[in-house]
Amino acid sequence: MKKILVTGGAGFIGSHLCERLLNDGHDVICIDNYFTGSRNNVLHLLSNKHFELVRHDVTERYMAEVDEIYNLACPASPVHYQYNPIKTIKTSVMGTINMLGLAKRTKAKILQASTSEVYGDPTVHPQPENYWGNVNCIGVRSCYDEGKRCAETLFMDYHRQNNVRIKIIRIFNTYGPRMHPNDGRVVSNFIVQALAGKDITIYGDGRQTRSFQYIDDLVEAMIRMMATPDDFIGPLNVGNPVEFTILELAEKIIRLAGARSKITFRPLPADDPKQRRPDIALAKKALNGWQPTIPLDEGLTRTMTYFTHRTLI
Ligand code: NAD
Ligand code: UDP
């Protein structure tokens, strides 16, 4: 049994990860400041004596004796990370320094939840890990993109300078139950709109693309990545390589929900990437044949069931 710290553990991805780690028989400490996460996401874990929930902001130091750290704390939806951009950068940079310091002192292995946003609006498609990206450093998305890029830099420097055992994964758009209904990201927005029979809001002309990964596939990859030998540190793309336009996503969600919603078009937000699809050749090799197993239709149906149930209670 390991003692494992999950920062941002009360968020969408974090809550699923905590659940999986507990099921695997570990002791889990979840720290979160509840900015976008909530106690509700981990309510079902509170009675487990191997689970500890702590209200804490990662921009402040945190002391504990742990074997592994998953560093997830950071708002992930453009709406939320742009709400207080200075805080977003502080979370990515100061939070990461604090967690790397903890890993250094305790000799814990530490995994960074980085993002496909490090590739910005990519000019190479699909994106392999050795692509350096096309990121605007002064735009409205920069607090997130550059914060996450700096976090990767910090991980590499703590590794080279202090031999900290690191793992970096670059997560591509992931969705599933426990996304917040007001999260602002495309899958939750469209599902909430379709279930309420409201108009589906496409930003731009809907020809921009994304590749959507179901949460269970991501959690499996995170666990496998943490278990790789110490000399494999990434960065590693983790996502579903099947690419859809946002218009196709909207039509799919309307069909699956059996909704009568109409599609409306709104202005495209600044610096919105035009295309995104992971090259996952390295992940397949490094994670013992891992690949996404949940097709979009199935994942969307499961997510809709969650949102329907959530609305009813
Ligand atoms: P989320 O917003 O649901 O989760 C983030 C969690 O971090 C929340 O519980 C929030 O309250 C917490 N948090 C934020 N700032 C904090 C701080 N200063 N101190 C302590 N806790 C703080 O988002 P998510 O989708 O679960 O994302 C989790 C991680 O995965 C993030 O780091 C995100 O950048 C990364 N990621 C997610 C996706 C995706 O598609 N979901 C894609 C790429 C990367
Ligand atoms: N989007 C949209 N309607 C919405 C929310 C998002 O058309 O209600 C678009 C957004 O402009 C982007 C894509 O969907 O092109 C994915 O947006 P999201 O915020 O989910 O994540 P991103 O990949 O941009 O970080």
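Whatever order the structure lists them in is the order used to number ligands and atoms, beginning at 1.
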Looking only at protein heavy atoms, what sits closest to atom 2 (O) of ligand 1 is Thr36 OG1, 2.6 Å

Crowded around Lys252 NZ? As in, over 12 foreign heavy atoms under 6.0 Å? yes

I'd like to know whether ligand 1 has Gly95 as a neighbour, heavy-atom separation below 4.0 Å. no

What part of Arg185 sits under 4.0 Å from ligand 2 if we count only heavy atoms: the side chain, the backbone, both or neither? both

Candidate with minimal heavy-atom separation from atom 13 (N) of ligand 1, of Ile215, Asn41, Asn33: Asn33

Tell me whether Thr7 reaches ligand 1 (any heavy atom closer than 4.0 angstrom to a ligand atom). no

For a side chain to side chain donor-acceptor pair (under 3.5 Å) check, start with the C-alpha distance between Tyr83 and Thr88, then their side-chain angles and the critical distance, and finish with the verdict. CA-CA 9 Å; Tyr83 172 75; Thr88 300; over 6 Å; no

At what distance is the nearest protein heavy atom to atom 8 (O) of ligand 2, and which residue and atom is it? Asn189 ND2, 2.8 Å

Set out, in order, the CA-CA distance, both residues' side-chain angles and the distance that settles side-chain contact (heavy atoms from CB on, under 4.5 Å) for Asp183 and Asn189, then state yes or no. CA-CA 7 Å; Asp183 180 278; Asn189 268 11; over 6 Å; no

Which ligand 1 atoms are under 4.0 Å away from a heavy-atom of Asn173? 40 (O)

Per-atom filter on ligand 2: closer than 4.0 angstrom to a heavy atom of Gly184 are 5 (C)

Verify the neighbour count for atom CZ of Arg105: are there more than 12 heavy atoms of other residues, nucleotides or ligands below 6.0 Å? yes

Please work out, at 4.0 Å between heavy atoms, whether the side chain, the backbone, both, or neither of Val186 comes within that distance of ligand 2. both

Donor + acceptor pair across side chains of Asp217, Thr293 (<3.5 Å): yes

Can a non-hydrogen atom of Tyr144 be found less than 4.0 Å from any atom of ligand 1? yes

Residue-level breakdown please: for Ser114 versus ligand 1, do any non-hydrogen atoms fall below 4.0 Å on the side chain, on the backbone, on both, or on neither? backbone

For atom 1 (N) of ligand 2, find the nearest protein heavy atom and state the residue, atom name and distance (0.1 Å precision). Tyr203 CD1, 3.4 Å

Below the 3.5 angstrom mark, is there an N/O of Leu72, backbone or side chain, next to an N/O of ligand 1? yes

Between the candidates Met179, Arg210, Arg185, which shows the shortest non-hydrogen contact distance to atom 25 (O) of ligand 1? Arg185

Any idea which part of Arg266 is under 4.0 Å from ligand 2, heavy-atom wise: side chain, backbone, both or neither? neither

His80 and Gln82: side-chain donor and acceptor closer than 3.5 Å? no

Could you pull out, from Cys30, Gly11, Cys74, Gly37, the option with a heavy atom nearest to atom 5 (C) of ligand 1? Cys74

What atoms of ligand 2 come closer than 4.0 angstrom to any heavy atom of Pro78? 19 (O), 25 (O)

Quick one: which of Thr59, Thr91, Asp57 gives a side-chain hydrogen bond (donor to acceptor under 3.5 Å, both in side chains) with Asn33? Asp57

Just jot down the ligand 2 atoms closer than 4.0 angstrom to any heavy atom of Asn173, in number order. 21 (O), 22 (P), 23 (O)

Any heavy atom of Arg178 closer to ligand 1 than 4.0 angstrom? no

SB check Asp199 Arg266 (cutoff 4.0 Å): no

Per-atom contacts, ligand 2 versus Arg141 - under 4.0 Å to a heavy atom: 22 (P), 24 (O), 25 (O)

Measure up the Tyr175 and Phe212 rings against each other and bin them: parallel (under 30°), tilted (30 to 60°), perpendicular (over 60°). perpendicular

Atoms in ligand 1 with a heavy atom of Gly8 nearer than 4.0 Å: 6 (C), 7 (O), 9 (O), 12 (C)

Is there a polar contact between ligand 1 and Thr91, counting only N or O atoms under 3.5 Å apart? yes

Please say which of Lys49, Lys2, His50 ends up in a side-chain hydrogen bond (donor to acceptor under 3.5 Å, both in side chains) with Asp27. His50

Going by atom types only, do Ser211 and Glu243 share a side-chain donor-acceptor pair under 3.5 Å? no

The option among Met179, Arg207, Arg210 carrying the non-hydrogen atom nearest to atom 23 (O) of ligand 2 is Arg210

To the nearest 0.1 Å, how far is atom 43 (C) of ligand 1 from its closest protein heavy atom, and which atom is that? Ile171 O, 3.1 Å

Atoms of ligand 2 less than 4.0 Å from Thr201 heavy atoms? 2 (C), 3 (N), 4 (C), 7 (O), 8 (O)

Ligand 1 N/O within reach of Ser116 N/O, cut-off under 3.5 Å: no

In a check of salt bridge (Lys or Arg N to Asp or Glu O under 4.0 Å) between Glu117 and each of Arg276, Arg149, Arg170, which one passes? Arg276

Taking 4.0 Å as the limit for heavy-atom contacts, which would you say applies to Asp272 with ligand 2: side chain only, backbone only, both, or neither? side chain

For Ala10, the ligand 1 atoms whose distance to one of its heavy atoms is below 4.0 Å: 9 (O)

Going by heavy atoms, is Gly9 under 4.0 Å from ligand 1? no

Any N or O on Val58 sitting closer than 3.5 Å to an N or O of ligand 1? yes

Determine, using the 4.5 Å side-chain heavy-atom cutoff (strictly less than), whether Val187 and Ile200 are members of one ILVMFWY cluster. yes

Heavy-atom proximity to atom 32 (O) of ligand 1 ranks first, among Lys148, Met94, Gln112, for Lys148

Answer whether the closest heavy-atom distance between the side chains of Asp121 and Asp271 falls below 4.5 Å. no

Tyr70-Met99 co-clustered via ILVMFWY side chain contacts under 4.5 Å: no

Quick check on contacts: which atoms of ligand 2 are under 4.0 angstrom from a heavy atom of Arg276? 22 (P), 23 (O)

Got the closest protein heavy atom to atom 9 (O) of ligand 1, with its distance? Asp32 OD2, 2.5 Å

Measure the shortest side-chain to side-chain distance between Leu236 and Leu287 over non-hydrogen atoms and say whether it is less than 4.5 angstrom. yes

If we set the cut-off at 4.0 Å for heavy atoms, which region of Gln193 has an atom near ligand 2: side chain, backbone, both, or neither? neither

Need the ligand 1 atom indices (1-based, order shown) with element for anything under 4.0 Å from a heavy-atom of Tyr34. 11 (O)

Compare all side-chain heavy atoms of Ile233 with those of Met156 and state whether any distance is below 4.5 angstrom. yes

List ligand 1 atoms under 4.0 Å from His56, heavy atoms only on the residue side. 19 (N), 20 (C)

Any side-chain heavy atom of Asp32 sitting closer than 4.5 Å to one from Asn41? no

Check each atom of ligand 2 against the heavy atoms of Ile202 and keep those under 4.0 Å away; list them by number with element. 7 (O)

Give me the nearest non-hydrogen protein atom to atom 13 (C) of ligand 2 as residue plus atom name, then the distance to 0.1 Å. Ile246 CD1, 3.7 Å

In His159, Arg160, Gln161, the residue satisfying side-chain hydrogen bond (donor to acceptor under 3.5 Å, both in side chains) with Asp157 is Arg160

Within a 6.0 Å radius of atom CZ on Phe265, are there more than 12 heavy atoms belonging to other residues, nucleotides or ligands? yes

